[in-house]
Structures are given as structure tokens and as C-alpha cells.
*Asks:* 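Here it is: the structure, laid out below.
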Amino acid sequence: MKIFNTLNGRMEEFVSLKEGEVGLYTCGPTVYDYAHIGNFRAYVFEDFVRRTFEYLGYRVVQVMNLTDVDDKTIRRSQQEGVTLREYTDRYIQAFFEDIALLGIEPAEHYPRATDHIPEMVAIIEDLLAKGIAYRKGDGIYFDLAKFPKYGALAKLDKAQLKSGARVDVDEYDKENVQDFALWKEAKEGEPFWETSLGKGRPGWHIECSAMSMKYLGPTFDLHMGGVDNIFPHHENEIAQSEAHTGKPFVRYWLHVHHLIVDGTKMSKSLGNFHTLRGLIEKGFRPEVIRFLLLSTHYRKTLNFSFDALAQMEKSWQRIVNFQTELEGTLFGEKETPGLEDWLQESRSKFRAALEDDLNISQALNTLFEFIKEGNLRLSRGEIGASAANLISETLKGFDSVFNLLPRGGQGELTEEQKGLVEERNRFRREKNFPEADRVRKLLLDQGILIEDTRNGVRWKRA
RNA sequence: GGCGGCAUCGCCAAGUGGUAAGGCAAAGGUCUGCAAAACCUUCACCGUCGGUUCAAAUCCGACUGCCGCCUCCA
């Protein structure tokens, strides 16, 4: 498995710390609102990575944090006059609903920041004791001067980091504008925690250090997130964690690039801002949205458009049709020449694509070539029952990584519906087409679409 | 202002030195009671201009456009 490691800007062979197991930390949402499709591009890709490792035989231990305390969550909960917990509970629930719709496999751990205050305090106390952190004015800050490696991930020269245009330096009471907050002392009217550090709340970055190390250990395999997190968030995580433990923090960093809409940045003011809920209300299937979010290699900007989404729907249908035909057709027994070789070759091409820095486009190429060949064989009438089953299993194996097929197959017909299909067949044999069409319409009204193929009748849910 | 990324057929998107994967759309055909699905055929000299090389979409330079980072946004 080769992956592009942001840490050194190179393609590297992935070797896990523990054989057969991957420790994975993925930066999760700040739960102040519904997540948007840009967020979901990252989460869907992370799911793809997780599934890829599982496909390759690894056991994955994934941690995704839920940031439930920050300026935005505090401000909004106050505006609504509810507690921080009540406010964030609502969006955490929405988040879980959304990722379930997108077919994202749950992580092993979803730690909430506010449930891990003691762990964060412990790290901060240690950093204070080591003289790496200092208390000043309204908070506790990390002293970058004590961490020479700072800037390695983002490839920023510390000396060149200036107080940017976006920061009003006067607002901060720290010794160096570059230093970042570990702890913020309680402000009037804001939620706070009573700790050995005093009353206050954690800075943003410390939660990820505390929670990742708690569940994955001081050094772990893989840390992912959006490119915008490289600096300062991930840079700060490295500084805090390594200053605390004296050990390397993360071995491989993977960063997902952004999503743009119609070639331009997604923003509320441009009216091109989309949430998953919004798209579903417009009638798009979550599987298709997942497909689109997945369809571009993670290190490239993904261009979202409704045009593209509509095309994805068709493209997706091709995959589903193939599976439907394999599962929903009554095949006889038949010898299929070269079956094993073909399946074997497809699997190895598929695997090679995944192992090449998670090249999903190549993996999809393999999938569609597989479907093409399968359809060709179907049209030639070469497929028997056992072959159809093997092909279907191979397809499902590929799909265990994409997760695009409707889950649990398409179910079974009721006895009555089966009877109707039989009845229609009888009418067709008798060439009584008006009656056959009437029965077909009857089934369609129940959501069952009947299609006649060379290999027999098949059905699917409309 | 500093740093970085991207630019491939109408659309989505692989390919990073040896002459353009795949999907959608489109056109023609086959199959078919109809419909759908499927199959066959057709469909690109890779943003612009220079350079390096026997050979470049692939390397170098300039330009144009878009995107991102430069302290709390995936």
C-alpha cells in the first residue's frame, strides 16, 4: 500500500505499527450546525480509506472526535437560550443520521471533547511543568520557541509566520503571536470547567491530542482530515503531543482536498451551499451523492454540480442494474469459459488500484470493465447459476469498498407479487399482451419494475 | 504581499517521458410484442506560448484562469 504522506510530501509504503491493525484518527465535525457536502467529502473519503484497509485484511480502530465546545457552539447555544450540551446533542444526532444515510461505517470511538476535559488538563499540566506552556493573561499558551520542529508538516518557516491579516493581535495576550491557546480562562456568561488549572475551557487543538492518544496510544498510524487543517490545527497537534510524550505522534498524515461547487468556492452568500438534507429534499439518492463525493481522487479538488450529480445517478444505475440482473434472474446451469481467470484478474487489478495511493478512479475503471465483461457474457448467454453467484460475490467484494449498492439487496417479492409475475408470464406466453401489460402496470404501482431479458424476467424496485 | 495546488472529449474523471482508461451524454446499428436493460460501432493530439528530448498531456520557463493556506473552516 502506497500513500502520499503530507509529513514529508512523498509517496510512502504504508507499514502499520501493529501487524494487521491500523490505528486511524479522523478529524470530526464541530457540531454547531448541519454539516455540508464539503465536510462529507472528507468523511466519505475517510470511510473509503477505512473500507480499503478492511478489504486488504486489516483490522481498523478508528477514532473520530466530536468538537462540542468552541466559540460557535457557545455563541449559538446562548442565542437559543439552551445549554451547550442540549445544543450540541441535537447536531451530533443529525451528524449520525447523515453519515448513516451516506453509508459510512461507524468508527470504533466518537469521543466528545467535553467528556475528555481531565485528559486535556493532564497534558496541559505536564506542558506547564516542562516549561513548554505558560500562563498569561486570560489563558495558557504553547510556547513555539520550545518546539523547533514546528512548521514541518505545513512546510512553513516559523520565522516567516507573521501576524496575518485575519488576526487582530491586540485581542490576544500572549508573548508571541504565533503561540496558540491550550486553555482559555472562563469568561463571563460562558460555560466553564472547574479544574486544577482553574475555571475555563480547552483550546481547540488540545482535544485531538488528548483523545487520539487516549484511544490509539502516543504514536499511531494514520491521521486524516481536510487540507485546511494542516495549518494550524494539525501542526499544533503535533507540537502539543510530541512535547508531551517525547515520542513521534503520527506516522502517516493524509489530507483530503476541498470540494468546490460549479467551479467556485462553496459559500452561503453565493447560494451554492449544500447540505446532505438539502440534496435529499431535491430528490437525489444518498448513494448517488456518496458516489459523486467519492468519484475524484482525494488529492484533487472535487467539482460538485447538479449536472454531475445527475450523471452519477445514471452511472450508478449501471452498477445496480448489473447486480440486479445477477441476483434477480433465474439462470440454468451452464459452463462459463475462463470464469476463474477473469474474476482473479479483476480482483488483482482492483487491489492494485487501491494500493496505489487509493486511486479510486482506477478502481472504478476496474469495476466498470468488470461490469462490461459481465454484461457481454450475459448477452452471450454464457452465464449459469453458479457463475452468476460467483460474479455477484466478486462484485459485492468490490462494493464493500465503495458501498454503493443498496444495502441488503433489494429484498424479496411478496407471494402475491410473485403470483402476479407468474400471471404476466402466462399472458405473455399466450401472446395476450394487453393483459400482460395490465399486470405489469399493477406491479409497477406497487413499486416493482418488471423487465424481460434474454435470460428471463427480472424485477427491481422502481 | 508570501507559499502551495489544479487546468485532459459537451459533462465527470484516470494517465506523470514512448505516442490518450473508465462513466455519463450524443450518433448509428443489434436484440425485443412493447418498455427497459444489454451488446456492437463512432466520438480528444491533453489551457496558451516558448524550451529540453530521438520522443512530452507527462520535464523546464512564462502567461492566463480557478482553488487553497498564511491562527481556530473538511
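Quick note on labels: first sequence line is chain A, next is B, and so on, each numbered from 1.
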*Asks:* What interatomic distance, in whole Å, is found between C1' of rC31(B) and the corresponding atom of rC45(B)?
*Replies:*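 After rounding to an integer number of Å, I get 37 Å for this pair.
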
*Asks:* Start at the 5' end of RNA chain B and walk down; is the nucleotide closest to Arg440(A) or to Ile260(A) reached first?
*Replies:*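 Whichever sits nearer the 5' end wins; that is Arg440(A).
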
*Asks:* Glu46(A): what forms a side chain to side chain donor-acceptor pair (under 3.5 Å) with it, not counting sequence neighbours?
*Replies:*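 Glu46(A) satisfies side chain to side chain donor-acceptor pair (under 3.5 Å) with no residue once adjacent residues are dropped.
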
*Asks:* How is Gly225(A) classified with respect to the nucleic acid when contacts are heavy atoms under 4.0 Å: base, sugar-phosphate, or nothing?
*Replies:*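 Since only primed, P, OP1 and OP2 atoms lie under 4.0 Å of Gly225(A), the category is sugar-phosphate.
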
*Asks:* Please work out if Leu259(A) contacts a base, only the sugar-phosphate, or nothing of the nucleic acid, heavy-atom cut-off 4.0 Å.
*Replies:*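 The answer is base, as Leu259(A) lies within the cut-off (heavy atoms under 4.0 Å) of a base atom.
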
*Asks:* With rounding to whole Å, what would you report as the distance between rA26(B) and rU64(B) at their P atoms?
*Replies:*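 Taking atom P in both rA26(B) and rU64(B), they lie 39 Å apart.
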
*Asks:* Students often get this wrong, so: under 4.0 angstrom with heavy atoms, is Arg299(A) touching a base, only sugar-phosphate, or nothing?
*Replies:*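 Nothing, no nucleic acid heavy atom in range.
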
*Asks:* What does His233(A) touch in the nucleic acid at a heavy-atom separation under 4.0 angstrom: a base, only the sugar-phosphate, or nothing?
*Replies:*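 Here His233(A) touches no strand at all.
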
*Asks:* Mind checking what makes ring pair (Phe, Tyr, Trp, His ring centres under 6.0 Å) contact with His297(A), not counting sequence neighbours?
*Replies:*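 Result, ring pair (Phe, Tyr, Trp, His ring centres under 6.0 Å) vs His297(A): none returned.
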
*Asks:* Regarding Tyr298(A) and Asp357(A), do their side chains bring together a donor and an acceptor under 3.5 Å, going by distance alone?
*Replies:*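 Yes.
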
*Asks:* Looking at Tyr141(A), does the NZ or CZ of Arg135(A) lie under 6.0 angstrom from its six-membered ring centre and within 45 degrees of the ring axis?
*Replies:*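 Ring-cation test returns no.
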
*Asks:* Not counting sequence neighbours, which residues clear salt bridge (charged side-chain N to carboxylate O under 4.0 Å, His left out) with Lys184(A)? List them please.
*Replies:*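 For Lys184(A), no residue satisfies salt bridge (charged side-chain N to carboxylate O under 4.0 Å, His left out) once neighbours in sequence are set aside.
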
*Asks:* NA contact type, Asn229(A), heavy-atom cut-off 4.0 Å: base, sugar-phosphate, or nothing?
*Replies:*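 It contacts sugar-phosphate atoms only.
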
*Asks:* What pairs with Arg112(A) under side chain to side chain donor-acceptor pair (under 3.5 Å), at least two apart in sequence or on another chain?
*Replies:*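 For Arg112(A), the residues satisfying side chain to side chain donor-acceptor pair (under 3.5 Å) (neighbours in sequence not counted) are Asp68(A), Thr88(A), Asp89(A).
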
*Asks:* What residues from residues 430-439 of chain A pass a heavy-atom cutoff of under 4.0 Å to RNA chain B?
*Replies:*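 The answer is Phe433(A), Asp437(A).
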
*Asks:* In whole angstrom, give the distance that lies between atom CZ of Phe180(A) and atom P of rC70(B).
*Replies:*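 So the two atoms are 15 Å apart, to the nearest Å.
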
*Asks:* Measure the spacing between OG of Ser212(A) and CD of Glu237(A) and express it to the nearest 0.5 Å.
*Replies:*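 Answer for the OG-CD pair, Ser212(A) versus Glu237(A), is 6.0 Å.
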
*Asks:* Using residues 310-321 of chain A as the side-chain source, report each donor-acceptor pair under 3.5 Å to any protein atom, sequence neighbours left out, with the distance given to one decimal.
*Replies:*
from      : atom 1 : to        : atom 2 : distance (Å)
Trp316(A) : NE1    : Leu404(A) : O      : 2.9
Asn321(A) : OD1    : Lys460(A) : NZ     : 2.5
Asn321(A) : ND2    : Gln317(A) : O      : 3.3

*Asks:* Salt bridge (charged side-chain N to carboxylate O under 4.0 Å, His left out) with Lys187(A): which residues, sequence neighbours excluded?
*Replies:*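 If we apply the salt bridge (charged side-chain N to carboxylate O under 4.0 Å, His left out) test to Lys187(A), skipping adjacent residues, there are no hits.
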
*Asks:* Going by purine N1 to pyrimidine N3 plus the second Watson-Crick contact, or the G-U wobble pair, all under 3.5 Å, which nucleotide sits opposite rU52(B)?
*Replies:*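 Answer to the pairing question: none, since rU52(B) forms no Watson-Crick or G-U pair.
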
*Asks:* Between rA57(B) and rG47(B), how far apart are the two P atoms, rounded to whole Å?
*Replies:*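 To the nearest whole Å, 10 Å.
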
*Asks:* Test your reading of the model: is there a side-chain donor-acceptor pair from Arg41(A) to the backbone of Leu294(A), 3.5 Å cut-off?
*Replies:*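 No; judged by distance alone, with no hydrogens or angles, the pair does not exist.
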
*Asks:* Residues two or more places apart in sequence or in another chain: which of them pass salt bridge (charged side-chain N to carboxylate O under 4.0 Å, His left out) with Glu325(A)?
*Replies:*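 Scan of Glu325(A) (salt bridge (charged side-chain N to carboxylate O under 4.0 Å, His left out), adjacent residues dropped) gives Arg458(A).
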
*Asks:* Verify salt bridge (charged side-chain N to carboxylate O under 4.0 Å, His left out) between Arg10(A) and Glu12(A), making sure each step is shown before the conclusion.
*Replies:* CA-CA 6 Å; Arg10(A) 276 199 301 270; Glu12(A) 287 191 329; 5.1 Å; no

*Asks:* Hey, does the side chain of Asn359(A) come within less than 4.0 Å of rA13(B)'s phosphate (OP1/OP2), counting only N and O?
*Replies:*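 No, outside the criterion.
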
*Asks:* Quick one, which residues of residues 441-450 of chain A touch RNA chain B with a heavy atom under 4.0 Å?
*Replies:*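 RNA chain B contact set from residues 441-450 of chain A: Ile450(A).
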
*Asks:* Determine the contact category for Arg75(A): base if any of its heavy atoms lies under 4.0 Å from a base atom, sugar-phosphate if only primed atoms, P, OP1 or OP2 are that close, otherwise nothing.
*Replies:*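 The answer is nothing, as Arg75(A) stays clear of every strand by at least 4.0 Å.
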
*Asks:* Mark yes or no for whether Asp262(A), through its side chain, and Ser305(A), through its backbone, hold a donor-acceptor pair below 3.5 Å.
*Replies:*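 Not a single qualifying donor-acceptor pair exists.
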
*Asks:* Regarding rC72(B), can its base be found pairing with the side chain of Asn236(A) as donor and acceptor, where the two atoms are less than 3.5 Å apart?
*Replies:*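 Donor-acceptor pair under 3.5 Å: no.
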
*Asks:* In terms of side-chain heavy atoms of Phe231(A), which of rA13(B), rC69(B), rA37(B) is nearest?
*Replies:*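 Closest of the options to the side chain of Phe231(A): rC69(B).
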
*Asks:* Report yes if at least one side-chain N or O of Thr264(A) is closer than 4.0 Å to OP1 or OP2 of rC67(B); otherwise report no.
*Replies:*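 So the side-chain polar atoms of Thr264(A) do come within 4.0 Å of the phosphate oxygens OP1 or OP2 of rC67(B), strictly under.
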
*Asks:* Regarding Phe45(A), tell me which of base, sugar-phosphate or nothing describes its non-hydrogen contacts under 4.0 Å with the strands shown.
*Replies:*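 It contacts nothing in the nucleic acid.
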
*Asks:* With rounding to whole Å, what would you report as the distance between rA27(B) and rA37(B) at their P atoms?
*Replies:*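 Looking at atom P only, rA27(B) and rA37(B) are 14 Å apart.
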
*Asks:* List the steps and the verdict of side chain to side chain contact (heavy atoms under 4.5 Å, CB included) for Lys149(A) and Glu242(A).
*Replies:* CA-CA 10 Å; Lys149(A) 258 179 69 184; Glu242(A) 299 195 353; 2.8 Å; yes

*Asks:* Taking only the P atom of each, what is the distance from rU58(B) to rC6(B) in whole angstrom?
*Replies:*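 Those two atoms are separated by 13 Å.
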
*Asks:* What nucleic acid atoms does His255(A) come within less than 4.0 Å of, heavy atoms only: base, sugar-phosphate, or nothing?
*Replies:*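 His255(A): no heavy atom of the nucleic acid under 4.0 Å.
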
*Asks:* Determine the Euclidean distance between corresponding C1' atoms of rG22(B) and rG15(B); express it in Å to zero decimal places.
*Replies:*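 Rounded to whole Å, the distance is 11 Å.
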
*Asks:* Using Watson-Crick or G-U wobble geometry with both distances under 3.5 Å, which nucleotide pairs with rA26(B)?
*Replies:*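 Here rA26(B) is engaged in a pair, and the nucleotide opposite it is rU42(B).
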
*Asks:* Mind checking the C1' distance from rG65(B) to rC59(B)? Whole angstroms is fine.
*Replies:*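 The answer is 23 Å between these two C1' atoms.
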
*Asks:* Side chain of Lys72(A) only, please: which of rC12(B), rC73(B), rA35(B) is the nearest?
*Replies:*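 My answer, after comparing the listed nucleotides, is rC73(B).
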
*Asks:* Identify the nucleotide, in any strand shown, that forms a Watson-Crick or G-U wobble pair with rG4(B), with both distances under 3.5 Å; if there is none, say none.
*Replies:*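 Base-paired to rC67(B).
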
*Asks:* Sugar-phosphate means primed atoms, P, OP1 and OP2; the rest is base. With that split, encode nucleotides 43-48 of chain B 5' to 3' as B, S or - using protein heavy atoms under 4.0 Å.
*Replies:* ------

*Asks:* Say you pick atom P in rG10(B) and the same atom in rG2(B); how far apart are they, in whole Å?
*Replies:*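 Comparing P positions in rG10(B) and rG2(B) gives a spacing of 36 Å.
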
*Asks:* Taking the side chain of Asn303(A) as heavy atoms from C-beta outward, which of rA74(B), rC12(B), rC34(B) is closest to it?
*Replies:*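 Taking heavy atoms from C-beta onward, the closest nucleotide is rC12(B).
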
*Asks:* What nucleotide among rA37(B), rG5(B), rA74(B) has an atom nearest to a side-chain atom of His258(A)?
*Replies:*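 Nearest nucleotide to the side chain: rA74(B).
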
*Asks:* Between Arg377(A) (side chain only) and Ile383(A) (backbone N and O only), is there a donor and an acceptor less than 3.5 Å apart?
*Replies:*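 Such a contact is absent between Arg377(A) side chain and Ile383(A) backbone.
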
*Asks:* Output one letter per nucleotide in nucleotides 18-30 of chain B: B when a protein non-hydrogen atom lies under 4.0 Å from the base, S when only the sugar-phosphate is that close, - when neither is.
*Replies:* ---BSBBS-----

*Asks:* Within the structure shown, what part of the strands sits under 4.0 Å from Leu378(A) by heavy-atom distance: base, sugar-phosphate, or nothing?
*Replies:*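 The answer is nothing, as Leu378(A) stays clear of every strand by at least 4.0 Å.
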
*Asks:* Nearest nucleotide by nearest heavy atom, which residue falls closer to the 5' end of RNA chain B, Ala154(A) or Lys300(A)?
*Replies:*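 It is Ala154(A) whose nearest nucleotide is closer to the 5' end.
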
*Asks:* At 4.0 Å (heavy atoms only), tell me whether Lys349(A) reaches a base, stays on the sugar-phosphate, or touches nothing.
*Replies:*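 Nothing, no heavy atom under 4.0 Å.
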
*Asks:* Among Phe350(A), Phe402(A), Phe398(A), which residue meets the ring-ring contact (aromatic ring centres under 6.0 Å, His included) test with Tyr55(A)?
*Replies:*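 Result: among Phe350(A), Phe402(A), Phe398(A), Phe350(A) is the only option passing the ring-ring contact (aromatic ring centres under 6.0 Å, His included) with Tyr55(A).
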
*Asks:* What residues form a salt bridge (charged side-chain N to carboxylate O under 4.0 Å, His left out) with Lys2(A), not counting sequence neighbours?
*Replies:*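 Residues passing salt bridge (charged side-chain N to carboxylate O under 4.0 Å, His left out) with Lys2(A): Asp356(A).
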
*Asks:* Give none if rA74(B) has no partner; otherwise give the nucleotide forming a Watson-Crick or G-U wobble pair with it, both distances under 3.5 Å.
*Replies:*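 For rA74(B), the partner nucleotide comes out as none, under the 3.5 Å rule.
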
*Asks:* If you look at every strand shown and take non-hydrogen atoms under 4.0 Å, does Asp228(A) touch a base, only sugar-phosphate, or nothing?
*Replies:*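 Contact class for Asp228(A): base.
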
